**Q** 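I have a structure I would like to understand better, so I am pasting it below and will then ask my questions one at a time.
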Amino acid sequence: MQTKTVLQDILSRLAISPSGFTFDPQTGRSFTLNATGLTVMLGLRQGRSVKELSQELEREYQVIPERIEASLADFVCQLEREFS
Amino acid sequence: MRPGDWRRWTVAITGMNATPDNPGPGYAVARCLRESRAFEGRIVGCGYDVLDSGLYAQRVTDTGYLLPYPSAGEEVLLERLLALHAAEGFDVIIPCLDAELQSFIRLEPTLREHGIRMLLPELAAARARDKDRLSELCQKLGVNHPKTQKVTDPGFFERCLEQDWSYPMMVKGPFYDARLVRNPVEAEAAFRCLGQQWGYPILVQEFLAGQELNLTGLGDGTGRLLGTVMMAKRALTDKGKAWAGVSVVDQKLEAMASRLVEGLKWRGPLEVEAMRCQDGSLHLIEINPRFPAWIYLSHGVQRNLPLSLLRLLSGEQSGVFPAPMAGRMFIRYAEELVVDMDTFESLMMLGQRPKTTHHVA
């Protein structure tokens, strides 16, 4: 539950451009997202779960679910590590 | 005190040194005023060295003068300032260098009698933020601050491991400059170098890994902090100064700065340098009693603080500023000013830029 709060705090403050350019107004850091990352980031910000996003990516990219879920978990960990 | 409209004041600004790797704030302060649509007054650049490049910048300063080094003493400084005042009619002086601040504070009553305004802290407040007293202040105000100690004997750097210190650590001069050192050899070299350059005491400070965040603003003397502008460094010079940065909005940093300004009843510009560690905690590194060299960013985020300083001195500043703006970047660059020999000669021999200069196109 605490992890979700941290992640939501981070996501709510980020400025995410449709190009994938993302800026954190609190730390001044910026980074770029590829198309998949952008989909995930916007989905998480809308409150969708990692499981829901995994299923969507699985349908779109035809990758095995375990691999997608592991990649998404890594992505979320990286976000929390870099921006918390 | 001459009454009048602050928009037409004559403003003297010190710290016109503008070396690319470590510029003084004066030139940036002057640019804030010059590029403001509201200000129509005169800007007089004051420097300490004939190669202080802001003295020659005709687009920004109307004229330039040399001042005696602070080591010459306050009487000599006062004499020079009053001579320049007689020639230029200063309404305001904005001191921009740490080393001169205490002299200007002590001279403030005399200068005020001559009609010159300054927005400066009380001497006790200025001293309380000295690097060698900052730990005491932070303890009093409940602000995190890395462990810091005065060092007068370079033997400390061998013994320190037995005294709960570890490498890397920061070695800092009393006014400026800090070096990251990784072992006793590097530490002793930094100790001697900083001591020769800036004098003693040298300070050692626990090294904190994290992100450096800086804040600038104006204290109104009653405890209020006005017009904060915050910046995260994006690229550094070899001296650790910002080569590029971006405006940010960090409520924890603002709260820390507000606590310091309230505790000190700070009057005037200041810069708060802080470090945010991996665990999210914020630690005060130092307080600089002046505008920072990156003050031009305040113009970029529509909170032109040098202009606000003039308004505060005139009694016009209401304390209302546009909303903070994150995501405005600055990137420094270096360019050459071409100066004819007559201008250089005038500054070298008379300590002043000629009224009309002949720059090579």
Side-chain angles (χ1 to χ4, degrees), chain A residues 1-51 53-54 68-84, chain B residues 208-216 228-236 240-257 271-283 285 292 294 296-298 300-303 322-332:
Chain A
M1 195 64 192
Q2 194 181 2
T3 303
K4 188 180 175 187
T5 306
V6 170
L7 183 62
Q8 288 303 328
D9 281 350
I10 295 166
L11 290 170
S12 64
R13 74 174 188 235
L14 295 179
I16 306 171
S17 156
S19 69
F21 177 81
T22 302
F23 173 69
D24 182 348
Q26 185 174 306
T27 65
R29 289 180 184 152
S30 55
F31 58 97
T32 57
L33 296 165
N34 62 16
T36 315
L38 184 59
T39 303
V40 172
M41 191 76 108
L42 292 174
L44 289 171
R45 188 147 82 167
Q46 286 163 4
R48 298 174 68 192
S49 68
V50 170
K51 191 162 187 67
L53 290 165
S54 298
I68 289 181
E69 282 182 28
S71 296
L72 278 184
D74 281 350
F75 184 63
V76 168
C77 278
Q78 194 180 352
L79 276 176
E80 288 170 356
R81 195 173 55 244
E82 293 294 326
F83 292 97
S84 58
Chain B
L208 296 179
Q211 185 192 23
E212 189 181 331
L213 293 171
N214 294 356
L215 174 148
T216 185
T228 53
V229 177
M230 290 168 260
M231 182 274 287
K233 294 179 181 178
R234 292 299 306 263
L236 303 178
K241 304 298 175 186
W243 187 260
V246 61
S247 62
V248 297
V249 177
D250 187 305
Q251 289 173 351
K252 272 190 189 172
L253 178 59
E254 177 143 18
M256 173 193 277
E271 180 190 27
V272 173
E273 296 186 359
M275 187 69 75
R276 181 167 42 221
C277 295
Q278 293 271 322
D279 63 2
S281 60
L282 200 62
H283 301 257
I285 301 300
W294 53 272
Y296 186 66
L297 184 63
S298 75
V301 298
Q302 298 174 18
R303 289 185 159 199
M325 191 187 294
R328 295 282 278 179
M329 284 190 71
F330 73 84
I331 306 169
R332 290 212 172 114

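All figures in this text were calculated on a predicted structure; none of them were measured in a lab. Below, read A as the first sequence line, B as the second, and so on, with proteins coming before strands; counting in each chain starts at 1.
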**Q** Which atom names give the shortest non-hydrogen contact between A/Thr27 and B/Leu213, and what distance separates them?
**A** O-CD2, 4.4 Å
**Q** Give, as side chain, backbone, both or neither, the part of B/Val246 having an atom under 4.5 angstrom from any heavy atom of chain A.
**A** side chain
**Q** Can you check whether B/Asp250 reaches A/Gln26 side chain to side chain, under 4.5 Å on heavy atoms?
**A** yes
**Q** State whether the side chain of B/Arg234 and the backbone N or O of A/Gly28 hold a donor-acceptor pair below 3.5 Å, judged by distance alone.
**A** yes
**Q** Please check if atom CZ in A/Arg45 has more than 12 non-hydrogen atoms from other residues, nucleotides or ligands closer than 6.0 Å.
**A** yes
